Every structure is written in structure tokens, then in C-alpha cells.
Amino acid sequence: MGDIAFDRRAFLTGVGAIATGAATASLTACETRTGRNVTKSSNVLIVRNFGGSYDEANRKAVYDPFTRETGIRIKVVNFEHEQMLAQIREGRPRFDVMDIDMSNLVLFEHEDASEPLDYGRLKNVRNAGIAQSLLTPNGVGKSYWASVLAYRTDAFDGRKPESWANFWSPGPFPGRRALQGEVDWPELEFALLADGVPLDRLYPLDVDRAFKVLDEIRGSVRTFWEYGAEPGEMLSRGSVVASSTWAGRLQSLIERGTPLAYEWNGARRQSNGYGIPKGAANPDGAYRLIDFALRPEVQAHMARLYPDGPVVPAAYGYLTESTAVHLPSTPGHLLSGFDLDIDWWLENRDSVTRRWRDWVRT
């Protein structure tokens with residue numbers, strides 16, 4: 001979630017136009033100045049992920065158990081998308097597996113920068129119940145995350161905002177609000193839900209209607225947040241009483257007694273996934289890791305350590321109710337929320353983002 005903010009920001013500034021001469025970052029100890037000789041060994045696999053607490057959770061839940069079972073050592077790099085695409089276009093990607101947002105996996109497919117997946121080599125995908133939208137030609141989903149409504153429980157005289165319509169109602173729910181800035185796709189869907197559009201009829205988005213509804217709340221929106229911890233910080237201080245936020249980011253505050261809560265009604269779900277860069281040095285190891293990570297018990301272990309939801313429904317059989325209730329892919333949350341339409345946003349991102357920026361400046 002917060003650890004992957006730069007990926008989403010890069011998306012909104014036009015990753016597709018990246019020059020092939022973009023500079024590459026210094027590599028981890030698994031590489032040499034003359035190339036990836038060491039990574040040609042089938043005993044080493046290089047994974048690009050988001051870093052931070054996300055990487056720490058993957059190390060405990062996925063990488064170390066995978067190494068114990070297979071003998072394949074995992075090295076991690078944190079290249080940004082400009083660097084990833086530049087390396088692929090040069091024919092020398094310095095990573096074997098991409099762990100990134102599914103939106104970016106679709107973009108990499110469009111850029112001819114990733115390998116088509118052979119699903120016959122992913123036995124844990126077969127009959128696993130993974131949503132069809134997460135089984136793309138060049139990427140497979142691995143976890144769900146969501147944007148939800150968060151609020152102070154002491155702000156509204158005992159009333160609870162139970163929908164985006166309530167968020168858009170400063171009369172019965174007075175106080176300053178916050179919405180997301182350019183760290184992710186503009187939150188047009190929330191405006192449309194507030195105006196009565198059903199979950200299953202959101203797309204294609206009625207952009208004019210969405211901005212008209214956004215105009216109605218503009219006077220109460222004082223901040224457009226740009227990093228994952230910011231909503232929690234503002235809500236804790238009381239500088240806002242309600243905000244969109246990434247689910248899971250407030251949990252530690254709630255557990256410490258801060259009067260905050262989530263509302264899952266109208267949650268906007270997105271997914272992270274795996275892909276293999278074109279020209280990867282160790283595709284066999286990549287397939288083995290991806291298949292391992294999609295085992296139900298591994299999915300559940302990851303969910304205990306990091307608040308993203310499993311894509312394999314059977315993983316919930318390994319989770320307690322107290323853990324599952326906070327995850328975006330529990331059955332109840334799946335019904336009360338919706339999946340962001342990646343194809344619609346890719347097609348419309350430039351025009352909508354320009355209009356969003358103009359609206360924010362008004």
C-alpha cells in the first residue's frame with residue numbers, strides 16, 4: 001500500500017513515454033559491474049518488489065520458505081518503472097520476477113516488456129477460484145488491496161458514515177474531509193457512488209457527472225493526500241474527520257486506541273500481481289516462485305503479516321476471523337465493494353488526470 005506509492009504516481013505521469021536511455025539504479029550485491037553473470041545460476045532468483053514492510057512480509061511468508069523448499073536463493077531489487085523498462089529494452093533485465101500493481105502489469109504487456117505466461121506451469125492457479133480479471137496474458141494477481149472510507153468515531157455524535165453518500169453529506173456529518181491526490185487514480189468512482197450509481201454500473205465512468213458531484217464537496221475537502229500514512233496522521237490530529245485511505249493503514253492506530261474506523265461499503269479494490277520481464281535470465285525459477293506464492297497456505301501466511309487480501313479463496317481456510325475481517329477479499333467485502341476497471345483507466349487516464357489537476361487547483 002503506502003510502500004508502492006511511487007508506482008501509482010509514475011503511472012499517472014505517463015510511464016508509457018519513458019525514454020530507453022533512463023538511468024539504471026545501483027544494483028544489489030547479487031550483480032556485478034559487467035552484468036548479471038551470477039544470476040544466470042538457477043540457484044539465484046532476482047525479484048523486484050516495492051520494498052519496505054511489504055518486502056519484509058514477503059521475505060518471511062514467501063521467499064525464505066521457498067528457499068528452504070527449493071534451494072533457490074532470492075535477491076530483491078527495488079527498481080522504479082523507468083529503470084525496469086530501460087533494462088528490458090536493452091535486452092538485459094536485472095530481475096527475473098516483477099511484483100507490481102496489476103495496472104502496471106497490463107501496461108508492461110502493452111509495452112511488449114513482459115513474457116506471456118504459460119499457465120500450464122502454474123498448477124496452483126488451476127481451479128483455484130482466482131478471479132478471471134487477475135488472469136491476464138502476461139500477469140497473474142497475487143493480492144488485493146483497497147481504498148475505503150475512514151472516519152473519526154467521535155466526530156458525529158454517535159452517527160457512523162456508512163457510505164460515500166454520507167461522506168458527501170456535510171450537513172449530518174460536518175467537518176473537514178480529505179481525498180486522495182495523485183498517488184493513485186482519481187477517486188471519481190466514490191463521487192458516482194455518492195450520487196447513487198450502483199456498484200455494477202460504475203463503468204464506463206460518467207466523468208462529467210463525477211466532477212459535478214465532486215464540485216458539491218469541494219468546500220469541505222481541505223487536503224489531497226499523497227502518501228499512505230497521511231490520512232491516519234490527519235485523522236489522528238483531528239485536522240480532518242473523514243478521508244479516503246488505503247485499508248489496513250489505520251489498523252495500528254485503532255489498536256492503540258485512536259478513535260478511528262473503516263467503512264467497507266463502496267471500497268475500491270485493486271490488485272498486485274506477478275509478471276516475468278522479457279529476456280529474464282531465470283524464467284524457470286520465476287515460474288516456481290509464482291506458483292509457490294499462490295498456494296493457499298502461503299497466501300494466508302502473507303495476509304497475516306501484511307494487510308492485503310489473498311486472491312486464492314481457499315487461503316481463508318487458514319485464517320482466523322479476526323484476521324480475515326480486515327482484508328479486502330473476504331466474501332462480505334467482495335460484495336460490498338468493486339474492482340477498479342484497469343482497461344477503462346488506461347484508456348482515459350491522460351484526459352481524466354488533466355481534468356483532475358485543473359479541478360484540484362480551483
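The chain is numbered in sequence order, starting from 1. As the structure is a computational prediction, the values presented were derived from the model and not from experiment.
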D341 with R268: basic N within carboxylate O range, under 4.0 Å: no

Over all heavy atoms of both residues, which pair between A293 and V62 is shortest? Give the atoms and the distance, please. CB-CG1, 4.0 Å

For R201, does the CZ atom sit with more than 12 other heavy atoms under 6.0 Å from it, leaving out its own atoms? no

Between V77 and R94, is a side chain to side chain contact (heavy atoms under 4.5 Å, CB included) present by the stated rule, with each step listed? CA-CA 9 Å; V77 294; R94 294 159 175 82; over 6 Å; no

Do the charged groups of E69 and R295 touch, with an N to O distance under 4.0 Å? yes

Between H81 and F108, what is the ring plane arrangement, given parallel below 30°, perpendicular above 60°, and tilted in between? perpendicular

Nearest heavy atoms of N348 and W344, plus distance in Å: ND2-O, 2.8 Å

Please report the closest heavy-atom contact between L45 and A286, naming both atoms and the distance. CD1-N, 3.5 Å

Flag yes if W164 and W359 sit in one hydrophobic cluster, no otherwise; membership is Ile, Leu, Val, Met, Phe, Trp, Tyr, and two members link when side-chain heavy atoms are under 4.5 Å apart. yes

Verdict with reasoning, N282 to D96, per side-chain hydrogen bond (donor to acceptor under 3.5 Å, both in side chains): CA-CA 6 Å; N282 191 359; D96 302 298; 4.9 Å; no

Can you say whether the rings of F338 and F190 are parallel (under 30°), tilted (30 to 60°) or perpendicular (over 60°)? perpendicular

Going by side-chain heavy atoms closer than 4.5 Å, which hydrophobic residues are tied to Y318, directly or by a chain of links? none

Might you confirm whether atom CZ of R304 has over 12 heavy atoms from other residues, nucleotides or ligands at distances under 6.0 Å? yes

Whether over 12 other heavy atoms sit under 6.0 Å from Q251 CD: yes

With a 4.0 Å cut-off, would you call R355 and D208 a salt bridge? yes

Would you say S244 and Q180 are linked by a side-chain donor-acceptor pair, where the criterion is simply a distance under 3.5 Å? no

Those residues at least two apart in sequence (or on a different chain) that pass side-chain hydrogen bond (donor to acceptor under 3.5 Å, both in side chains) with R288 are none

Apply side-chain hydrogen bond (donor to acceptor under 3.5 Å, both in side chains) to T320 and S322, showing your working. CA-CA 5 Å; T320 64; S322 60; 3.0 Å; yes

Go through the steps to decide whether V140 and M102 satisfy the test side chain to side chain contact (heavy atoms under 4.5 Å, CB included), and finish with yes or no. CA-CA 8 Å; V140 58; M102 285 296 292; over 6 Å; no

When you check the side-chain N and O atoms of D55 and Y306, is any donor under 3.5 Å from an acceptor? no

So does D215 pair up with R218, basic N to acidic O under 4.0 Å? no

Just checking, is any N or O donor in the side chain of Q270 or D184 under 3.5 Å from an acceptor N or O on the other one? yes

Can you name the nearest heavy-atom pair linking R361 to D358, along with the distance? NH2-OD1, 2.5 Å

Specify whether W356 and F211 have parallel, tilted or perpendicular ring planes, treating 30° as the upper limit for parallel and 60° as the lower limit for perpendicular. tilted

Salt-bridge contact K278-D112 (side-chain N to carboxylate O under 4.0 Å): yes

Do M302 and L327 land in one hydrophobic cluster if side-chain heavy atoms of ILVMFWY residues count as linked below 4.5 Å? no

Can you tell me if CG on D200 sees more than 12 non-hydrogen neighbours from other groups inside 6.0 Å? yes

Decide yes or no on ring pair (Phe, Tyr, Trp, His ring centres under 6.0 Å) for F173 and F167, but give the supporting numbers first. CA-CA 7 Å; F173 298 94; F167 184 94; 10.0 Å; no

Y262 vs W264 aromatic rings, parallel, tilted or perpendicular, using cut-offs 30° and 60°? tilted

Passing candidate, side-chain contact (heavy atoms from CB on, under 4.5 Å) with T245, options L260, L250, L235: L250

Side-chain donor-acceptor contact under 3.5 Å, Y316 with S329: yes

Tightest non-hydrogen contact, residues L294 and N124, listed as O-CB, 4.0 Å

Between W225 and W246, is the ring pair (Phe, Tyr, Trp, His ring centres under 6.0 Å) condition met? List the steps. CA-CA 11 Å; W225 55 272; W246 294 332; 5.3 Å; yes

Between S336 and L199, which heavy-atom pair has the shortest distance, and what is it? O-CD1, 3.7 Å

Does K212 pair with D195 as a salt bridge, N-O distance under 4.0 Å? no

Considering only NZ, NE, NH1 and NH2 on the basic side and carboxylate oxygens on the acidic side, decide whether R48 and D99 come within less than 4.0 Å. no

